[in-house]
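Heads up, the thing below is written out as structure tokens.
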Number of protein chains: 2
Amino acid sequence: MGNNRVSKTKNIGVEPPSSTAEIGELDTILGLHIRRVHGAVQRHFGEHFGELGLTQKQISVLWLVGNHPGIAQTDIAQKLDMDRATAMTLVHALEKRGLMCRTPSESDRRRIAFELTLQGEALLAQAKAAITEHEAWLTGRFTAHELKQLRTLLARIYR
Amino acid sequence: MGNNRVSKTKNIGVEPPSSTAEIGELDTILGLHIRRVHGAVQRHFGEHFGELGLTQKQISVLWLVGNHPGIAQTDIAQKLDMDRATAMTLVHALEKRGLMCRTPSESDRRRIAFELTLQGEALLAQAKAAITEHEAWLTGRFTAHELKQLRTLLARIYR
DNA sequence: TATTGTTATACTCTATAACTATA
DNA sequence: TATAGTTATAGAGTATAACAATA
């Protein structure tokens, strides 16, 4: 098994590290561009703001809860394009760290209202500073006009 | 613990599902746009082409190896912006499924040359068709000019 | 010393399915 | 029946650290 090779013996070990980017047809694929960009952004944030102890995803949850005290898990999931169970994981971790707390709703006892704790507010403030810096790195390469274009074009993909 | 709430009792359970998108300042963050777009693309591919049994990442590895028979893991990693260990995981899984095979290089015995198997070639052909369809869904919402703009702007982030 | 492949390990994000309580 | 939260489970992707073989 594993021996039904398709092109017998060409270029064995002769692949020159091929300078930089030249992936052939692959280069045409917009989806690949998007994944690479996503990866680059993710990587930059982790490398520069990892000490914060929060991922971008976690920050967006804290941010959202900070803007909407009393919000429920379902709404968090819906607003950030997540599954209910995925939101649970996020929320639970943040709760366990004492950054958010819960109060059962009285009008609808199925729902649970979430708010930031004082600690959560404090860390969110730091996180916002980090995000601001990170955004400067990300957006600094564009003019205001290009930035507007980019936002408009990207928004058309998921809205 | 968990009782040091910050805003005593406002909006408990009164959060109206808030129609659609309105995340406040969060909406300004380009990084968030990128993550949402990435998620949407990922989701669409999985939902429509999951039966193929290949992820977009796996396809890009097969595609790359197909274009560069004899390529080594390090080069795959470098060309697709991955860690060596991450590439290992990908490559190993594809190998185990009989889609790629290896031949130790003779000129440099540290390197291993990878090629697609016949099975790999066949599946890649199917995958390319899927990607083409997926790309049509993705790019169909843009004019040719917008598409060029978008590609140019995105490329500026990781190049 | 540097590079290639490897293994072990770990964490984040994601989702599905099934369950409980409530509406 | 439908919704909110929960739990168990799984898989993809990512990375770090340490090791062996080779250059």
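We name chains A, B, ... by the order of the sequence lines, and we start the count at 1 in each one.
Using a 30° and 60° split on the angle between ring planes, A/W137 and A/H134 fall in the parallel class, below 30°. Taking the six-membered ring where tryptophan is involved, the planes of B/H48 and B/H44 are essentially parallel, since the angle between them stays under 30° and well short of 60°.
Rounded to an integer number of Å, the gap from B/F45 CZ to C/dT14 C1' is 16 Å. Atom C1' of nucleotide C/dT3 and atom CD1 of B/I112 are separated by 13 Å, given to the nearest angstrom. B/E95 has its CD atom 11 Å from the P atom of C/dG5, to the nearest Å. In this structure, the CZ atom of B/R111 is 14 Å from the C1' atom of C/dA2, given to the nearest Å. Look at CG on A/D108: it is 17 Å from P on D/dA2, rounded to the nearest Å.
Cluster annotation: B/V41 and A/L153 are assigned to the same hydrophobic cluster (Ile/Leu/Val/Met/Phe/Trp/Tyr, side-chain heavy-atom contacts under 4.5 Å, transitive).
Under the rule for a side chain to side chain contact (heavy atoms under 4.5 Å, CB included), the partners of A/Q73 that lie at least two apart in sequence or sit in another chain are A/M88, A/V91, A/R102, A/F114. A/Q42 meets the side chain to side chain contact (heavy atoms under 4.5 Å, CB included) test with A/H38, A/Q56, B/R35; sequence neighbours excluded. For B/R110, the side chain to side chain contact (heavy atoms under 4.5 Å, CB included) test picks out B/D108, with sequence neighbours left out.
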Quiz item: Given the rule in the side-chain contact (heavy atoms from CB on, under 4.5 Å) test, do A/V37 and B/V37 qualify, once you have shown the distances and angles that lead to the verdict?
Solution: CA-CA 11 Å; A/V37 164; B/V37 164; over 6 Å; no
Exercise. Quick one, give me the B/S/- string for nucleotides 7-21 of chain D, reading 5' to 3', where B means a protein heavy atom under 4.0 Å from the base and S means that only happens at the primed atoms, P, OP1 or OP2.
Key: B----SSBBB-----
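Among residue pairs with one or both ends in residues 126-142 of chain B, those qualifying as salt bridge (charged side-chain N to carboxylate O under 4.0 Å, His left out) are A/E25-B/K128; sequence neighbours excluded.
Inter-axis angle, ends of the helix from C/dT1-D/dA23 to C/dA23-D/dT1, five pairs per end, rounded to 10 degrees: 0°.
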